[in-house]
Every structure is written in C-alpha cells, then in structure tokens.
Amino acid sequence: MSTFLHQRPLYSPLSDPDPLSPRQSFSSQRQISLFSRTGLIALLSLLLILGVILPWTGTPSIFSATKPASLTKWQQYTLSQAVSFVAKNKTVIVCAVSQPYLPFLSNWLISISRQKHQDKVLVIAEDYATLYKVNEKWPGHAVLVPPAPDSQTAHKFGSQGFFNFTSRRPRHLLHILELGYNVMYNDVDMVWLQDPFPYLEGNHDVYFTDDMAALKPLGHSHDLPPPGKKGRTYICSCMIFMHPTDGAKLVLKKWIEELQAQPWSKTKKSNDQPAFNWALNKTAGQVDLYLLPQAAFPTGGLYFKNQTWVQETKGKHVIIHNNYITGFEKKIKRFHDYGLWLVDGHASESPLVLFQMFLPGSVVEKSELVSSPWRGMELVNKDLLYLKEIGGLDFGEDIKFEPLKILQKFKKENREMNMPFTNGTLSRFPYRKPQLALVFADLLVDPQQLLMVTVATALQEIGYTIHVYTLRDGPVQNIWKSMGFPVTIIQISHKLEIAVDWLKLLVALNFDLSFCSYDGILVNSLETRSVISCFMQEPFKSVPLIWTIHERALAIRSRQYTSSWQIELLNDWRKAFNRATVVVFPNHVLPMMYSAFDTGNYYVIPGSPAEVWEADTTMALYNDDIRVKMGYEPTDIVIAVVGSQFLYRGLWLEHALVLKALLPLLQDFPLDSNSISHLKIIVLSGDSTGNYSAAVEAVAVNLSYPRGTVKHFAVDGDVSSALSAVDLVIYGSFLEEQSFPEILVKAMSIGKPIIAPNLSMIGKYVDDRVNGYLFPKENLKALTQIVLQAISKGTLSPLARNIASIGKSTAKNLMVLETIEGYATLLENVLKLPSEVALPKAVPEIPPKLKKEWCWNLFKAFLNSTHEDITLKSSRYLNKVEEQWNHEQGESTGSIAATDDSFSYDIWKEEKNILMLNTRKRREEEELKDRTDQPRGTWEEVYRNAKRADRSRNDLHERDEGELLRTGQPLCIYEPYFGEGTWSFLHLSSLYRGIGLSTKGRRPRTDDIDAPSRLSLLSNSYYRDALGDYGAFFAIANRIDRIHKNSWIGFQSWRATARKASLSRIAEKALIDAIETQKHRDAVYFWVPMDMDPRSHLRRDFWSFCDAINAGNCKLAFSDALKRMYGIKHDLDSLPSMPEDGDTWSVMLSFALPTRSFLEFVMFSRMFVDALDAQMYDEHHQSGRCYLSPAKDKHCYSRVLELLINVWAYHSARQMVYVNPETGLMKEQHTVKSRRGKMWVRWFSYSVLKSMDEDLAEEADSDRPKRRWLWPSTGEVVWEGVYEKERNLRSHQKEKRRQQSKDKQQRMRKKHRQKVLGKYVKPPPEDIENSNSTMSTSETS
C-alpha cells in the first residue's frame, strides 16, 4: 500500500516568528535526550533541514516547540497570517468550504497533490468545525474569517445561507490581493487532471472560464465572450486566477458592489455568479481579461454530457468542474461514474490524511471509544513523559475496516427468516445436499489451492456437495479427485479467457445441470472474471456468488487506470465486483486497497497459508549467501524492526522508540578498527518511492548510532529475503490490528524469533517465551531487557533459538480455524437454500482435526519445486486485459470491425433500424406511384385499401423464414425465456420458437414473440417473476389465432436444455410422427419426468414432492386455491387424488398437447392463478416472502404452477404420455382406465370451466369491481354479453350515422338559396360553327 502523500514540512504558524537557527540549536555541547522537549525540537529541525518528506506530518503538536495550538488560537488565526504561511512564489490557491463538503475538499486536494501544488492551498473555513478539523490534520492551512455563516444552510444551493456563503468570496480574494499575492480560487467540486499554471500565460489581470456548454473551436478567442440573453455573460466564478493588479482589484470591488445591489430574497434566490458577470462586463474596458481554453477547462454541462467531445479532446483536459447538477449525493455519484471520486481508493494521498475513505458500503472510521495507545500509559522512562503530555498523535487507531453494510444485510435477512407467517408453517424436506460450484482460473500449485482444498474438505464434512470447475488444467486436479471432488475443465479459447463474450463462454461451460442448479458459486482469483461475466445476465443475477481475491495487482493499477483515463476499463472491473454477492479478502489491508471498487459487499476472512508458502520457497531458494549479498558479516547480529501494514503518521515515532530501546545493546558490540559495529538494524517500513530512509537515518544519527548500523528496507521489496538474513524480528507497531500481522507470520515461518507488544490479536496466538517474546507496550524498558536476554554474547541465546523453532511450527498452521469457520459462517448467511435441500451442520460441528492444520500432506510433493509467482501471473493477466481493452478502444474509434452477428445486439439493432427505414421508404414510394397510376375511387374504397395495406404490412412484419418453415407443421414448441443468459439454451430450428418474457432481453435476428406486447401484465416485473413460464402461456393464449396457426402446441423450458433433458432430433421426429398419426389422440406428451428431477428423493408420490419443493405448504396452497376458485365455503379436507401407481409425472413445464386442449388448460390456469394470487399477494408483495419458500423468493408460487399441468391432465381424462428425450420411445402414464373412480371429472369438465369463465367475464365486463383482481389481466374477457354488446354498439353507430345523414338532408332542404343573378346567354351561331369546323378539321387530319 502506498505511503501517505506528504505535504510541505510544517511548523506552527502561531509559534515564534524568529526561531533559533539550526546552528544555534546545536551549539550546546551538553547531551540532549531524544525524547525531551529540546530533543524533539532538535530532531524535527533536523528533519526539516534535510527536506524529509514524511507521510505522517500534519500534527501541530509535533511540529511546534510548544504544546498543540488551542482552539482559541486557531480562532485568532488571521487571513494575512495564513496567506503568508502557505504562499509559495507569492501565489496561493484558495477554496471556501463548510463541513458538509469536507469529502469534496479531500477529493480536490488529492488531485492537486498529484500536481505537486498542495503546499499553496489555503482553506477558508466557513464554520469552526471545518477550521478545527483541517488544522488538526494539516496545521495552518485553514483560516476562518469571522463572522462564520450558518453551517446548516451554507451548502443548500439557492438558500440564503448559500448566498451568504458565496458572497463572502470576493472580500477574501480582495484581501489577499491587497497583501500582494497572486490568488487562484477553486470550488471544491473540481478535480485537477493536469497542472493548470502553464495555461495562465501572460500577465493578464483576471483569468476565468466560460460556464456555457456550447462548443467552441479549439483555437477560440481569449476575450470576454459576448453577453447572453440576460444582457450579461455566463462566466463561472468557480475558477478564477488573479494577479495583484489594480485591474483585478477593480473587478473584485465591482463584484462586491453588485452583490450589495442584488441581495438575496425569497422571490429572487440569487447567488454570486451573476454579480461576478456584471462586474466583468462593466469593467471590461478597464481590465485585462483572459478567457481560458474550453478544452482545458470545460464546464460540467459539456464534459459530462458530450462524450464525443471528450474523446476528441482527450489529453487536453486540465480541471473538471462537477457543475450543471445539484445535490451532494448526485455530485458524488457522477464523480464515481467517471472515475473522478478519488477519495475511495486514494484517500491516503490527501494532505489531510483523513483515512476515513468515505467508502460507499464499508466503514473505515475512528471510534470515539478507542483512545491513542499513548493515553493513560504508565510510562516508566521519564523521557517519555512528554509524549504523554502531547497526546493526540495519530497512532492509526482510526484505521479499521468494518463491513457494516453486509453485516446489516445478514442481520436483516436472518431476522426476516424467523418471522412467522399468517397462514402455514415452513417445513424442510432434506432430499438433497446443498451444492456448491468451486471455480478456478487454473489448477496450478499455489497457496490458494491449498487454502480451498482445506476449506472444501471441511465443508464436505458438514454436508456440502462440491464440484470443481477450472478454465485450465494443472497438477492439483489429481489432489481434488483424490479427495472425492469431481473436476470439470472448461474448454474455451485462449482469447475468450481475456476478452469475454459471456454468451460463448456460457456455451463453452456446458455445466453439468448448469450453474443455475447450484445453491452457490465460489470463484477464486482475478483471472476468473470471465466466469463472473456469465452471471451478470438474467436469469443468473440472483445466483449467490462469493469471489475470493488475494492478489494486489488490480488495486495497484486502479490508480493508473484513473490517471490514464481508462474509465471504461475501471467501470468494467467495478461491475464485476458489484455482481459478486460477497467479495472475500484474506486480510484487512486488501479491502482498503480495493476501495475504488467497493459497493458494500466486501468481507474479510483472515488467514492464508500464503506467507508460510512464500517462506518455504524463500528458504529453498536462499541460503547464507543472502547475508553476504546484503553486506553483512557472519559475525554480525542483524535485527529487523517491522511494523503495521498501515503507514499511519505515528509509526515513525514508534520506530524511534524501538530504536532508543535497542541502544543499550550497543555495549555488547564494540566498534572495530573501522568504527563499525557488528550490530545491524533493519527498519522494514514504507516503500521505495518515499523518503522513509532519510527519516530513519536522521533518527539513527540523533540517537548516536554508529554509521551504517541502522538502515531502511522498503516493504515493497523482497521482504522474504531480507527477513531470511536477520537473526531477530521486533514488531515495532502498537496499533491494535484486526488480524494477526502477516509480516510476523512470515518471520516466524522463516524460523526467526519474534518480539512483539502484548496487543490483543498478537497475544491470542503468541505465548510469551514459548513461541515468541511479548512485552507490555507501555514499558519499553521491558523490550530492552528481552532483547538483552535473546542476544547473549553476540549471538542468539538457546532459548531464543528454541522459541524460533516452536514459532515456526505455530506459524505453519496459523488461523486455520478462523478461515474454515469464516467460510462456513459466510455460506450460512449467503445461501438461501430451497425447502428440498438439507441444511448443513452447524459450524461448531466441524471436526476439530480439520481445523488444526492446512492440508500440507496433499501438497507435500510440490512444496520443494519452483512455481510461478502469483504477482507475476496476475500482472500478466492484467496486461492482457489492458491490451485487449486498448485494441477494442482502437476499433471503436476507427471503422467498425466485423463481429459475430449472432451476439452483437447493438449492431443488429442499428442494422434493423436502417433496414426498416429503407423498407418504409421504398413502400411509401411504391404506394405513391400506385396512387398516381390508379383511379382514386370512393372514400370507402380508399379506406378499405388502407386497412388492407396495414394488415398486409403487419403480416409481412411477422412472417420470416422461421414462420414460413413452420407453416404446415402440426406442432410448434415455444421456449419461454427471460434474459440474455438463456440464449445459449434456446433452439434455432423451425420446430421451436422463443417467447421473451421481457422486451429488453429478446434475441436478435429471430422471430421470437414479445410476450409483454401481447399481455401487458408481463410489463409488471412482479407478475413476470411470480408467473414465470405461465406468463408465456397466457400471452400466447391471448388472441392465439394471430400468432399460432398449428394444430398442436408445445412448451419447453430452457432449464430442460441446460439439464440435458430436451428433445433430441430422434425424439422430435417420434413426437411429430405420433401427432400426425394420431397415435394417442387428445394426449399430453411430456419428456422431463419427476423421478429424474434432482429435487426428487427416490420415488416420492406427487403431493409429497410438491410439498418438498414448496416448504411443506403445497397441499395447503392447492386446497385454499381450489376453495376460492370454486367458491366452496366449507372446509375442503381432500385434494384431487394423484395416486402413486409406479408411473411418473411431468416437471419443468416441458410438454405438448392439442391447441384446443391448451386453451382449455389456460382457462383453468387463469382461474387457479387468480385464486393463488388473492391469498398470497398482500404478504408477498410487501415483504417478498410467502409460505411456499423458506426465504425471500420473487418466484413465490411458480413451483406450484409447475405441477399444475399434471392435476389438470389427470382429472380432465387426458392421456399422459412420457417421451424419452433421447430415444423417442413413448409410454403412457396413469392410464385412463386406472383413473376411473379417482378423477374429479365434474370439477375439471370443460362445461363447468367454461361456465365459470363466462361468469368471471360477465362480472369483469359489467360490474367492474374496484378491488384488486388479477384474472381480467391474464387474458381475454369473453362471454355472450360481449357479442350482444358489440352488436348493439354497431347497431347504435349505424343508427347514429343514419340519423346524421337525415339531419344533413334536412339542413340542405331548409337551406336558404340565393336567387339567380342573370339568364344564360346562348353563344352566336358562328362560334358554334367555328368550334365544329375545328373539331372536324382535327378529326380529318
């Protein structure tokens, strides 16, 4: 993890303005203690002289010779003092902030820090909370100019408080100009992408940006733009740079005058920007103004709303303003969407070093109950008493990862699970074990495989069934198989592993029973993102998915993606993280590193054999030569001082304390002839890009360590080799960790004795003087004594060696129990098991022997062999992803490359629109041509021709190659589907036709039916999910003659294809032959039998199976629905008999039957579904729960409806014929003869159902009840009265037209006629002769 970004070396601006010079400070010859007041001043002065950039600066108590400045002193801090303190090269960068906008301040500061201008920043606080907060973290960089405005209203745009807040701005800027400084003002909802100062060319008075989104040419004028409609310009007051000239001061004074002339009122809710524009317009002739280039300083209305322009000007953007949008959350979301919200992933770069990260779902915050490690200490050493007085040092106590959002989600779901139902009690039928799919990128030997083998073994023991899938094979396949886990290698192309076409990958997966049959998916490593993409499409979005990530590579590169403007790539990864139900990390550092992708689903299960694995590899590669390479002699004693992975600001002081505690050890190591000591100390902390080395050297010199004794080693280097070269490891951090420090695990694994403070997490696994040394963190003299005992006569003592040996054994299997129980507990919370699935055993019932150690014995043959480094492997994968992404970006900006038409939906849609446009244009031209050539005829004929053309146009639209091929076939099988994830399981032959339950996810270039357009009820997502495939039944039955022309109709679920239970070509031919020959007449053919369903246990009877998949309440639901449906008032004790006669039943809604019988079945189903909905809607719609499922289930009664075809077919005396889906062999089930005396014929007869249907239709058509009623929305409402109504309506319309005609004739008769003005005059005879002669002449000619 990168070090905290350092701000300028700080001193207290309130201290003595004339401090002692360094020479005066060190002129005294007396010995100065490091931890006295004078010693601290000397040390810190030395650090300032050396120009050390420390990531922990920012505490006034450290960089001041006095105690921390009190709150009263910050109140007395003036603007002139602040400006003189922060200004560099007579320039200051100013912002005005109130407390609600502190996250934006941090975001803005991070972007400025990347351009190395954070030292010039002055925060003008508009409330005291902001003043204290900023100066606590960043002393002297915040000032409040009294009086402070109301902090509660200052951030509400358009409010009087906001006006008061912004109207103070010109006064602050004028004051700074009067002091003789250049000033740049920024709103904090900005982000710097480049250094803006090179763009402030020339010596103009005022520089500003245009707030208009209208495009300007790249080389546009830099003059003040012309006024707009309101008579003034639209310049943004958010980004201003001014030189301390008379012209700039004139603008500010005029700005102040305009604000006074246009005060805020309830009718005119103004702000400061119009006044600023008036000031510019009125002083334009007197002031040298300069408009900054639009490409470099775009307004939010342009940058966030014109992506074409953004791509064209890519690389030219300097400062981005998040305006043209109001609202705190909306601004943050927009920054998030465009990769400009830097606080999440790069909070450590902020000069404030708030480290609270403002994660969207996880919380990293400082608890008020947790005090600094130094408060309340019993300090034995008097030199440390001053540290106790200081207090308030940041010792990392606010660094904590808490997955609050996901824990709250688990708690809420568990509470809902225990809520009782109004009717019915839940039961569970343990017919099968919970099934998990474990997915890897490869089966190469690495510590992650060792971890998952250990976890899977324990999960299998408590009742889980696990199937392993991998994209590539490897040696570990044999280990998985030896443990009884089936392994499937997913055969896909190399290109597909990187640039995933999820649909092709889903076809390539061809999972046994498909992934939808698993109760949960466990995915491992970044390289399995290709698999995750398959679950980002419906209907697989709801499958519980746990993604374990142990690599750091992507977290490190996320910053690179942001800075290089690879926002789409960053968003692609963010979508993958968002799809996972839970993202699991092995330590508490990784979730903070990956905070840029956090959507509130991060979780930590501590523990991994990775450190031990790496240590064993290191010991196999290195020997004593490593000490020689590092410059150490065989007689040297090397001590490593290590610390927390978090680089909080107090860490340097903790290391200084440890170095002071080691000073007495120098007495046992006298200097040789070259003044070199054989005691060597390595401080492992920081990274290679920081300046921790200079800090460590400065501390060592001040403590009088001999030259070369103390060195710094960056933790981003080869830590394992460094640890293998040392003799003793001291943990020099007093931060209470959330899990055992990994660096201590590594040290113990290499066989080094460790000395650590008695922190709770360390004391949990380390016994003092057994497998390590512990010392009280408040007593550093105890540390000195332990070190002197561990190192005796220039070498490690026998006790220390024995402790190291035991520690190595301890580290080998450290935290196995926490890891196994962590995964088992997580699965308990994440998986929502159906009622037919047996619950796994409780976590405490995991055998203790499985929680004692990793399965090292299974990997024993591979431990001494060399393996590819995980970091290198993940980096290589990310390189390939980036190359592919860059290639795709190049193709998108150039010509459109040829793609697979089957899966390129966007291109298909565009081509379809163009084709439709051309077809429409051609048709219009033909019609226009026809109209010019043909006689018009009467209006009625024109009207009839137009209607005929519309009908033919609709027919033409419907008819395509598939429909033409289906013409004449006796059967059409419809395949209902929802979402693009099902496309690979649908057929393309003429026998089949898809029906999409959602318009959005329809297949391109097919004649699939759009179910919502045929039944508007399916536009309601609640009923689309609740009805499932029955929504397709109702949509097709609704005016069926318009789309279905075949005598037989069939349905096949995509799940049947996924389970390899769909009809083969042989079975299809056998089914069609049976239909054409009328072998079974009016029969129901089905090919997915109940006894082959994995949900069925052995050979259960029909109602037992139905109860098993419906939480034990299937019979109750059927009984209540039938009573409501048939209007039975008394209790119905019995159900329609479904005997257990050795035959099977249909499941998964895959069947075929005559079209007429299908309409009868739909008539029955509509009434049954309405009855079910009436009893379940209220509770299910409000809470998402129903008594047919143990957990929340949007498909509440779909499992009851799945079996309804059997009840109807059995009791309506239809033959039920099972078709073997592979061979096509047929066998009648539950013969009609055997049903005699058992069927409820009267209840299911056509006449009864038709009568009930007409009664419902009459009620719906006549009474129009106001109650919520589902039945009328599920299909046509038809009864005899409808036809009578239509006849009466036509008759009424005819009579109305006749009456209108009569009225018109009457009006014409009574109409007043004007008299003739004159008589007709007959033309002279000669004219007639002339005309006749002309005609005769023309005829003769």
Side-chain angles (χ1 to χ4, degrees), residues 437 500-511 513-521 523 529-545 572 575-576 578-581 832 900 902-906 908-909 973-988 992-1036 1051-1059 1062 1148-1150 1184 1192-1196 1198-1199 1201-1202:
V500 178
D501 184 328
W502 57 265
L503 189 55
K504 290 181 179 178
L505 179 58
L506 196 56
V507 175
L509 294 178
N510 194 20
F511 292 139
L513 302 181
S514 113
F515 262 161
C516 61
S517 66
Y518 287 99
D519 300 300
I521 315 293
V523 184
R529 189 191 70 158
S530 56
V531 175
I532 293 177
S533 64
C534 296
F535 298 95
M536 295 171 67
Q537 313 297 330
E538 291 288 1
F540 303 110
K541 284 184 177 180
S542 59
V543 177
L545 191 148
D572 284 345
K575 290 176 184 176
N578 186 47
R579 168 55 188 93
T581 310
K832 307 306 174 189
D900 188 350
S902 301
F903 309 111
S904 183
Y905 179 74
D906 293 335
W908 167 81
K909 189 174 182 180
I973 299 177
Y974 295 91
E975 294 183 301
Y977 66 91
F978 171 59
E980 301 171 13
T982 60
W983 290 356
S984 60
F985 302 112
L986 304 179
H987 293 76
L988 296 174
Y992 299 89
R993 189 177 188 185
I995 174 168
L997 298 178
S998 172
T999 303
K1000 187 177 180 180
R1002 287 180 60 195
R1003 286 187 299 175
R1005 295 186 178 273
T1006 63
D1007 66 334
D1008 292 352
I1009 299 171
D1010 181 28
S1013 65
R1014 296 193 51 77
L1015 190 69
S1016 58
L1017 177 68
L1018 298 181
S1019 299
N1020 185 329
S1021 60
Y1022 172 81
Y1023 281 111
R1024 182 189 62 215
D1025 295 331
L1027 295 176
D1029 289 359
Y1030 270 73
F1033 298 170
F1034 297 160
I1036 292 177
F1051 292 89
Q1052 181 169 271
S1053 171
W1054 64 268
R1055 292 179 176 83
T1057 306
R1059 294 172 185 252
S1062 59
M1148 296 185 65
L1149 297 175
S1150 298
K1192 276 189 175 182
D1193 186 5
K1194 58 184 180 180
H1195 308 289
C1196 173
S1198 61
R1199 291 174 299 277
L1201 298 180
E1202 179 184 350

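Only a predicted model underlies this, so the values are computations on that prediction, with no experimental measurement involved. Numbers here are sequence positions counted from 1.
- Residue Lys1000 holds its NZ atom at 9.0 Å from CZ of Phe978, rounded to the nearest 0.5 Å.
- No more than 12 heavy-atom neighbours from other residues, nucleotides or ligands sit within 6.0 angstrom of NZ on Lys575.
- A donor-acceptor contact shorter than 3.5 Å is absent between the side chain of Ser1198 and the backbone of Cys1196.
- Taking 4.5 Å as the limit, some side-chain heavy atom of Phe1034 sits within range of a side-chain heavy atom of Leu1015.
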*Evaluate the side-chain contact (heavy atoms from CB on, under 4.5 Å) criterion for residues Ser1062 and His987: first the C-alpha distance (whole Å), next the side-chain angles of each, then the deciding distance (0.1 Å), finally the verdict.*
CA-CA 10 Å; Ser1062 59; His987 293 76; 4.2 Å; yes

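- In this structure, CZ in Phe540 is found 10.5 Å from CZ in Arg579, a value given to the nearest 0.5 Å.
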*Give the intermediate values and the outcome of side-chain contact (heavy atoms from CB on, under 4.5 Å) for residues Glu538 and Thr982.*
CA-CA 8 Å; Glu538 291 288 1; Thr982 60; over 6 Å; no

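- Interatomic distance, Leu986 CG to Ser984 OG, rounded to the nearest 0.5 Å: 7.5 Å.
- Across every non-hydrogen atom of Pro1004 and Trp983, the tightest pair is CD-CH2, 3.7 Å.
- Here CZ of Arg1055 is found 10.5 Å from OG of Ser1150. Values are rounded to the nearest 0.5 Å.
- Results of the side-chain contact (heavy atoms from CB on, under 4.5 Å) test with Ile995 over Asp1010, Asp1029, Ile1036 single out Ile1036 as the only residue that passes.
- The shortest non-hydrogen separation linking Tyr1030 to Leu1201 is OH-O, 2.7 Å.
- Note: Phe535 CZ to Thr581 OG1 = 10.5 Å, rounded to the nearest 0.5 Å.
- For the pair Gly1031 and Leu997, the tightest heavy-atom approach, listed with the atom from each and the gap, is C-CD2, 4.3 Å.
- Note on Asp1193 versus Arg1199: salt bridge recorded, some NZ/NE/NH1/NH2 to OD/OE distance being below 4.0 Å.
- A search for side chain to side chain donor-acceptor pair (under 3.5 Å) contacts involving Lys1192 returns Glu416, not counting sequence neighbours.
- Minimum interatomic distance between Glu975 and Thr1057 (heavy atoms only, all atoms of both residues): OE2-OG1, 4.3 Å.
- Across Ile1009 and Arg1014, no two heavy atoms sit closer than the pair CG2-CD, 3.6 Å.
- Residues meeting the side chain to side chain donor-acceptor pair (under 3.5 Å) test with Asp1008, sequence neighbours left out: Tyr977, Arg1003, Thr1006.
- Counting only heavy atoms from C-beta outward, the side chains of Met536 and Lys541 never approach each other to under 4.5 Å.
- Put simply, the side chain of Phe1033 does not reach to within 4.5 Å of the side chain of Leu1027, judged on heavy atoms.
- Leu1149 CG to Glu1202 CD: the interatomic distance, rounded to the nearest 0.5 Å, is 5.5 Å.
- In this structure, Pro539 and Trp1054 have side chains that are in contact, with non-hydrogen atoms separated by less than 4.5 Å.
- Closest of all the heavy-atom pairs between Tyr992 and Gln1052 is CE2-NE2, 3.8 Å.
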